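Each residue takes its place number in the sequence, starting with 1. Side chains are part of it too, since the values below use all heavy atoms of this structure and drop only hydrogens, waters and symmetry mates. A quick note: this is a predicted structure, and the numbers were derived from the prediction, not measured.
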Amino acid sequence: MARRDERRPDGLGLQRALGGGVLPALVAAMALLAALALAGSSAATGLAGRWQAGAGGLVTVQVPRPDAPAVGDGGATRGEAVLRALSEQPGAARRLGADEVAALLRPWLGDAAVGLALPGVIELQLTPEAAAGWSEASAAALAGRLEVVAPGTLVERDAGWQGRLAALARSLQLCAEACLLLVVGVGAAVVGVASRAALASRREAIGIVHGLGASDGYIAGRFARRAARLAVLGGALGTAAALPVLLGLAGLAAPFADPGAADAGWPTLPPQLWGGLAVLPLAAGAIGWLTAQATVRRWLRRLP
């Protein structure tokens with residue numbers, strides 16, 4: 001009986017006061033911006049992981065006179081002995097060719113880098129687990145082992161760049177989260193303004209119903225349910241409008257995130273982003289319900 005009574009006309013005229021055109025459109029715009037902010041936060045999280053796994057796990061080893069005989073290693077060259085020792089580390093070791101080393105030095109030395117006696121450069125890409133536990137003591141221990149077969153070998157890992165990349169990724173995440181909070185605040189303000197406009201347009205009807213004994217909770221509940229339905233509708237429309245944009249951006253970014261994904265076909269979104277997009281219309285409805293409840297109750301307390 002209670003649900004049947006709630007469906008009867010209550011004299012508030014909410015369908016006219018809270019129309020189904022402007023409010024859903026505004027909430028849809030907010031939902032579109034929120035979807036883009038969620039995508040930005042998800043992308044920043046992915047970039048942080050890839051940067052830390054890439055630059056954070058990269059160890060550079062310089063071997064002077066790489067073609068000279070190694071110390072006590074059966075006729076192997078210094079470069080070969082160091083590369084063999086690095087292959088025992090948790091990761092993948094690769095020696096750069098002479099052309100690659102010259103290309104790295106060309107911005108500073110120009111073409112003169114081609115004729116110089118350049119050291120051998122070996123890149124050791126650590127596994128994520130090894131990179132997380134790497135320290136100065138680890139670098140010193142590795143340098144000590146390499147010194148035995150190739151004296152003068154240098155082991156470097158630029159921890160400063162790792163810290164900068166981590167700070168940059170965290171800054172991008174904070175910016176995306178700040179944008180999301182701003183969108184939530186603007187969305188709540190939009191619902192609040194629409195609720196106050198509806199209250200002003202139906203002031204006499206609300207005063208009559210309130211004077212006949214309708215409780216604040218009853219009136220506020222009517223407004224809140226109407227605002228929540230419209231907010232859910234707007235959130236769903238905004239999320240649907242954001243999907244083509246997000247899928248298009250995912251397709252453009254796929255080759256940079258994973259070189260093997262260039263010919264993968266239809267672009268995909270991360271699972272956590274799909275979850276956020278699914279919750280977005282419900283979150284919009286919850287914001288609409290809470291904002292309308294608070295706005296109407298505050299307005300009713302001012303009635304004589």
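When all heavy atoms of Ala93 and Ile122 are compared, the pair lying nearest together is CB-CG2, 4.3 Å. Nearest heavy-atom pair, Ala176 versus Gly40, reported as atom, atom and distance to 0.1 Å: CB-C, 3.9 Å. Across Ser42 and Gln272, no two heavy atoms sit closer than the pair OG-NE2, 3.5 Å. The shortest heavy-atom contact between Gly238 and Ala31 is CA-CB, 4.0 Å. The nearest pair of heavy atoms linking Ala228 to Gly285 is CB-O, 3.6 Å. Minimum interatomic distance between Ala227 and Ala292 (heavy atoms only, all atoms of both residues): CB-CB, 3.7 Å.
Between the CG atom of Leu86 and the CD atom of Glu123 there is a distance of 11.5 Å, given to the nearest 0.5 Å. Summarising the geometry, atom CG belonging to Leu23 is positioned 5.0 Å from atom CG belonging to Leu230; distances are rounded to the nearest 0.5 Å. A distance of 13.5 Å separates CD in Glu156 from CG in Leu124, rounded to the nearest 0.5 Å. Going from atom CZ of Arg298 over to atom CZ of Arg196 covers 7.5 Å, rounded to the nearest 0.5 Å. Here CZ of Phe223 is found 11.0 Å from OH of Tyr218. Values are rounded to the nearest 0.5 Å. Distance check, rounded to the nearest 0.5 Å: SG of Cys175 to CG of Leu182 gives 12.0 Å.
Residues forming a salt bridge (charged side-chain N to carboxylate O under 4.0 Å, His left out) with Arg229 (at least two apart in sequence, or on another chain): none. Judged as a side-chain contact (heavy atoms from CB on, under 4.5 Å), and not counting sequence neighbours, the contacts of Ala34 are Leu180, Val183, Leu280. For Leu243, the side-chain contact (heavy atoms from CB on, under 4.5 Å) partners at least two apart in sequence or on another chain are Leu269, Trp274, Leu277. Applying the side-chain contact (heavy atoms from CB on, under 4.5 Å) test to Ala68 and every residue at least two apart in sequence or in another chain returns Arg65, Arg78. Listed by chain and number, the residues in a side-chain contact (heavy atoms from CB on, under 4.5 Å) with Pro69 amount to none (sequence neighbours excluded). Residues forming a side chain to side chain donor-acceptor pair (under 3.5 Å) with Arg94 (at least two apart in sequence, or on another chain): Glu100. Glu147 meets the salt bridge (charged side-chain N to carboxylate O under 4.0 Å, His left out) test with no other residue; sequence neighbours excluded.
Here Val232 sits alone; no ILVMFWY side chain lies under 4.5 Å from its own, so it joins no hydrophobic cluster. Here Ile287 sits in one hydrophobic cluster together with Val184; the rule is ILVMFWY side chains under 4.5 Å apart, joined directly or through other members. Within the hydrophobic cluster formed by Ile, Leu, Val, Met, Phe, Trp and Tyr side chains joined at under 4.5 Å, directly or through other members, Val193 stands alone, with no partner residue.
Checking side-chain atoms of Thr239 against main-chain N and O of Gly235 turns up a donor-acceptor pair under 3.5 Å. No side-chain donor-acceptor contact under 3.5 Å links Ser41 to the backbone of Leu38.
Using a 4.5 Å heavy-atom threshold, the side chains of Val61 and Leu154 count as separate. Between Pro270 and Leu273, some side-chain heavy-atom pair lies under the 4.5 Å cut-off. Side-chain contact between Pro66 and Glu80 is absent, with no heavy atoms from C-beta onward closer than 4.5 Å. Counting heavy atoms from C-beta on, the side chains of Leu36 and Leu246 come closer than 4.5 Å. For the pair Val186 and Met30, the minimum side-chain heavy-atom distance is below 4.5 Å.
Applying the side-chain hydrogen bond (donor to acceptor under 3.5 Å, both in side chains) test to pairs two or more places apart or on separate chains, those with a residue in residues 288-297 are Gln293-Arg297.
Residues Val82 and Leu142 are members of one and the same hydrophobic cluster, defined by side-chain heavy-atom contacts under 4.5 angstrom among Ile, Leu, Val, Met, Phe, Trp and Tyr. Hydrophobic cluster membership differs between Leu172 and Leu174, with clusters built from Ile, Leu, Val, Met, Phe, Trp and Tyr side chains linked at under 4.5 angstrom. Both Leu199 and Leu300 sit in one connected hydrophobic cluster of ILVMFWY residues. Membership requires side-chain heavy atoms under 4.5 Å apart, directly or through other members.
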